[in-house]
Amino acid sequence: MIKIPHATAATQRQVAIDVETTGLSPLQGHRVIEIGAVALTNGSIVDEFHSLLFVSQVISKDAHKIHGITNSMLIGQPSPEEVFPRFRSFIENSTLIAHNAKFDMGFLRSEFARLRLPLAHPCICTLELSRNTYPFLRNHRLETVYRHVCGPQSAAMQKHRAIADARMAAAIYTRITQNRVSGK
């Protein structure tokens with residue numbers, strides 16, 4: 001069982017995050033092109049952050065198949081230099097939550113390093129949390145876990161877009177932690 005850090009007491013601000021990218025690896029120079037974040041206090045959403053980002057790198061076919069973002073959608077969007085300092089303020093003093101945190105945090109660390117900004121936030125991975133809490137699920141994709149703990153996804157939620165995925169990760173985290181507290 002994954003221990004939820006003591007620092008994530010219900011009254012502390014937590015931020016569920018998700019990124020969409022130009023490719024699958026920051027080590028290959030791929031970049032963040034969309035970021036979504038949902039701030040939680042006492043298990044309730046209190047604020048949101050969302051932005052597309054313009055980068056000069058072309059979106060790979062594989063990444064486009066996942067999120068549907070096109071290069072033309074990024075024209076006129078703010079640069080990473082504009083977005084990440086604002087995002088850093090949004091997540092300040094928060095524990096981060098992400099589904100497949102290794103992926104999201106790898107990209108965020110890469111983007112923050114480009115701008116020489118620190119990123120030392122504790123992070124909880126809802127993918128690991130769900131694997132330990134629900135080992136019987138056929139898979140632990142975000143949509144599968146969300147459906148198991150919260151019911152059917154609303155038609156209004158765009159699959160594999162940053163803000164929708166951040167909202168789902170927040171809901172999964174909240175439901176799992178509530179169930180642990182209540183002994184379910």
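Note that the structure is a prediction, hence the values are computed from the model and not measured. Starting from 1, each residue takes its place in the sequence as its number.
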Suppose we screen for side-chain contact (heavy atoms from CB on, under 4.5 Å). Which residues come up paired with [X], at least two apart in sequence or across chains?
| X | value |
| --- | --- |
| Arg116 | none |
| Ala171 | Tyr146, Cys150 |
| Leu137 | Tyr134, His140, Val145, His148 |
| Ala39 | Arg13, Val15, Val46, Asp47, Phe90 |

Among all residues two or more places apart in sequence or in another chain, which pass the side-chain hydrogen bond (donor to acceptor under 3.5 Å, both in side chains) test with [X]?
| X | result |
| --- | --- |
| Glu48 | Arg167 |
| Glu81 | Ser79 |
| Glu111 | Arg31 |
| Asp62 | none |

| query | With sequence neighbours left out, which residue pairs that include part of residues 67-79 fulfil the salt bridge (charged side-chain N to carboxylate O under 4.0 Å, His left out) condition? | reply | none
Return yes if a side-chain donor-acceptor contact under 3.5 Å exists between [X] and [Y], otherwise no.
| X | Y | value |
| --- | --- | --- |
| Ser25 | His30 | no |
| His50 | Glu34 | yes |
| Gln14 | Ser94 | no |

| field | Heavy-atom neighbours of Arg114 CZ exceed 12 at 6.0 Å | value | yes
| side chain to side chain donor-acceptor pair (under 3.5 Å), paired with His160, selected from Glu143, Glu20, Lys65 | Glu143
| How is the hydrophobic cluster of Ile33 composed, in terms of its other members, when Ile, Leu, Val, Met, Phe, Trp and Tyr link through side-chain heavy atoms under 4.5 Å apart, directly or indirectly? | Leu52, Phe54, Val55, Ile59, Ile69, Met73, Leu74
| query | Under a single-linkage rule joining Ile, Leu, Val, Met, Phe, Trp and Tyr whose side-chain heavy atoms are separated by less than 4.5 Å, which residues share a cluster with Ile66? | reply | Leu24
| said: Once ring pair (Phe, Tyr, Trp, His ring centres under 6.0 Å) is applied, what residue pairs with a partner in residues 62-84 remain, sequence neighbours excluded? | reply: Phe84-Phe112
Could you tell me if the side chain of [Y] sits less than 4.5 Å from the side chain of [X], heavy atoms only?
| X | Y | value |
| --- | --- | --- |
| Pro118 | Arg88 | yes |
| Leu127 | Arg131 | yes |
| Leu142 | Met168 | yes |

| query | Under 4.5 Å between side-chain heavy atoms, hopping through other hydrophobics if needed: is there a path connecting Val38 to Ile35? | reply | no
